[in-house]
Amino acid sequence: MAVPAKASHLVKVGSIDELRQAVDFANDKALPILVLGQGSNTLFVNDFDGLVIVNRLLGIDASIEERTISLKVASGENWHQLVEYSLQHDWFGLENLALIPGLVGASPIQNIGAYGVELKDVLESVEYFDLGSQKIKQLTAEECQFGYRDSIFKHQLKDKVIITAVKLKLQQVAEINISYPALQNALAGIDQPTPHDMFNAVCELRQQKLPSPSEIPNLGSFFKNPIVDTETVAVLQKQFSDIPVYPFGKAHKLSAAWLIDQAGWKEKQLNGVKVYQKQALVLTNPEHQSGQIVYKAAQAIQADIFEKFGIALIIEPTVVS
Ligand code: NAP
């Protein structure tokens, strides 16, 4: 988000040994630890008085089976480069998740998702360094308690572990997922889209609609799409007949972007923090305002959406305050 912020201590770690040393250092000095990949989903509201560990754990191991591929990927690998790498080898399953910013280690934390595919659909297990026992441990996908942009790493294991690797199960025979209308439109001229077509279409769609963080500072979606019950949907539909509603198990998913747009926030700015003109779910910080100013703008949007729709928007990125 390009907010100015400082950490009292920072170290880059390229191996598990270096990670151990960094954790020992923080424990000796009683410093809180914050792990950062590329910082592409983190908002610093204040400076950080503690040790920032910058993840540089690298390496990809593939084991090829009859119809599948098991990939063990170190958490410091770049996510989009992993998507490209797997496609180059004709290992399928990640194509809908192209161009998501950040590193592999962040992917299980919020169970990254786009265009109808979520990390949990391809994940086998997560390996992590347990800060309590100082041991390397593993969780199966089921044990990760994945939900919508959610996992155990945001709850019971928050601040207790450092993810060191993920194991993914990819396919040699593609299973295409074009459930999202935007993708269907983009691929309308192609008879039988391949995963490579999907990848290209996803990249194009994202580039058209989302600002590149290196050009216009942003954290992607700033709010989660609200999950609501049938009663809430009925009340909203009486007032807003065109409100988009998507099925979500026994509940329903609303579009946070639609709510923000409908409330008149699209293209608006608050103290230099702008709601992106092509996607109201994205807040941008072109003037490099402070984290506090960005956070206050987000709170103003939350308050307005609550007043107009009775819906409490939840901030999606990690807020360091
Ligand atoms: P879009 O296609 O304009 O759709 C708007 C919203 O409606 C999305 O949030 C999506 O929910 C939901 N939606 C659309 N079609 C759906 C269907 N067939 N079934 C269920 N839900 C449906 O969205 P967009 O803004 O261009 O983003 C495209 C995809 O990339 C979305 O999946 C979005 O979540 C993902 N994305 C994520 C981030 C992030 O920072 N986390 C940033 C940009 C884009 P979902 O969000 O649940 O998919």
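Keep in mind that the numbers below use all heavy atoms, side chains included, and drop hydrogens, waters and symmetry copies. All ligand and atom numbering here is 1-based and tracks the order in the structure.
Closest to atom 46 (O) of ligand 1 among all protein heavy atoms lies Asn225 ND2, 3.0 Å. The protein heavy-atom contact nearest to atom 27 (O) of ligand 1 is Tyr115 OH, 4.3 Å. In this structure, atom 30 (O) of ligand 1 lies nearest to the protein heavy atom Ala114 CB, 3.4 Å. Atom 41 (N) of ligand 1 has its closest protein heavy atom at Glu316 OE2, 2.9 Å. Closest to atom 21 (N) of ligand 1 among all protein heavy atoms lies Lys253 NZ, 2.9 Å. Protein heavy atom nearest atom 44 (C) of ligand 1, with residue, atom name and distance: Arg206 NH1, 3.8 Å. Counting only heavy atoms of the protein, atom 1 (P) of ligand 1 lies nearest to Lys209 NZ, 3.8 Å. Ranking the protein heavy atoms by distance from atom 43 (C) of ligand 1 puts Leu210 CD1, 3.5 Å first.
Judged by the 6.0 Å distance and 45° axis criteria, Lys253 is not positioned over the aromatic ring of Phe248.
Here the rule is side-chain contact (heavy atoms from CB on, under 4.5 Å) with Gln292, and of Val45, Val3, Leu43 only Val45 fits it. Here the options are Lys224, Lys154, Arg149, the test is salt bridge (Lys or Arg N to Asp or Glu O under 4.0 Å), and the partner is Glu316; only Arg149 passes.
Assignment of Ala257 to the shell around ligand 1 is not supported, since no heavy atom sits closer than 4.0 Å. The closest approach between a heavy atom of Tyr148 and any atom of ligand 1 is below 4.0 Å.
The aromatic rings of Tyr85 and Trp91 lie perpendicular to each other, with more than 60° between the two planes, well past the 30° mark.
With respect to the salt-bridge test (charged N to carboxylate O, under 4.0 angstrom), the residues Asp261 and Lys266 qualify.
Residue Tyr180 holds the heavy atom nearest to atom 10 (C) of ligand 1 of all those in Trp258, Tyr246, Tyr180. Here the shortest heavy-atom distance to atom 39 (C) of ligand 1, taken over Gly220, Ser221, Ser179, belongs to Ser221. Comparing heavy-atom distances from atom 33 (C) of ligand 1 across Gln208, Arg149, Gln279 singles out Arg149 as nearest.
Heavy-atom contacts from other residues, nucleotides or ligands closer than 6.0 Å to CD of Glu142 number 12 or fewer.
Remark: atom 4 (O) of ligand 1 lies closer than 4.0 Å to no protein heavy atom.
In this structure, Met198 and Ile178 have side chains that are in contact, with non-hydrogen atoms separated by less than 4.5 Å. Between Leu71 and Ile60 the shortest side-chain heavy-atom distance falls below 4.5 Å. At least one side-chain heavy atom of Leu254 sits less than 4.5 Å from a side-chain heavy atom of Val228. Phe223 has its side chain out of reach of Leu259: every pair of non-hydrogen atoms, C-beta onward, lies at least 4.5 Å apart.
Between Gln110 and ligand 1, a contact under 3.5 Å exists for no N or O pair. Not a single N or O atom of Ser255, backbone or side chain, sits closer than 3.5 Å to an N or O atom of ligand 1.
Asn55 places no side-chain N or O within donor-acceptor distance of the main-chain N or O of Leu36, the cut-off being under 3.5 Å.
Contact annotation: for Pro181 versus ligand 1, heavy atoms closer than 4.0 Å belong to the side chain alone.
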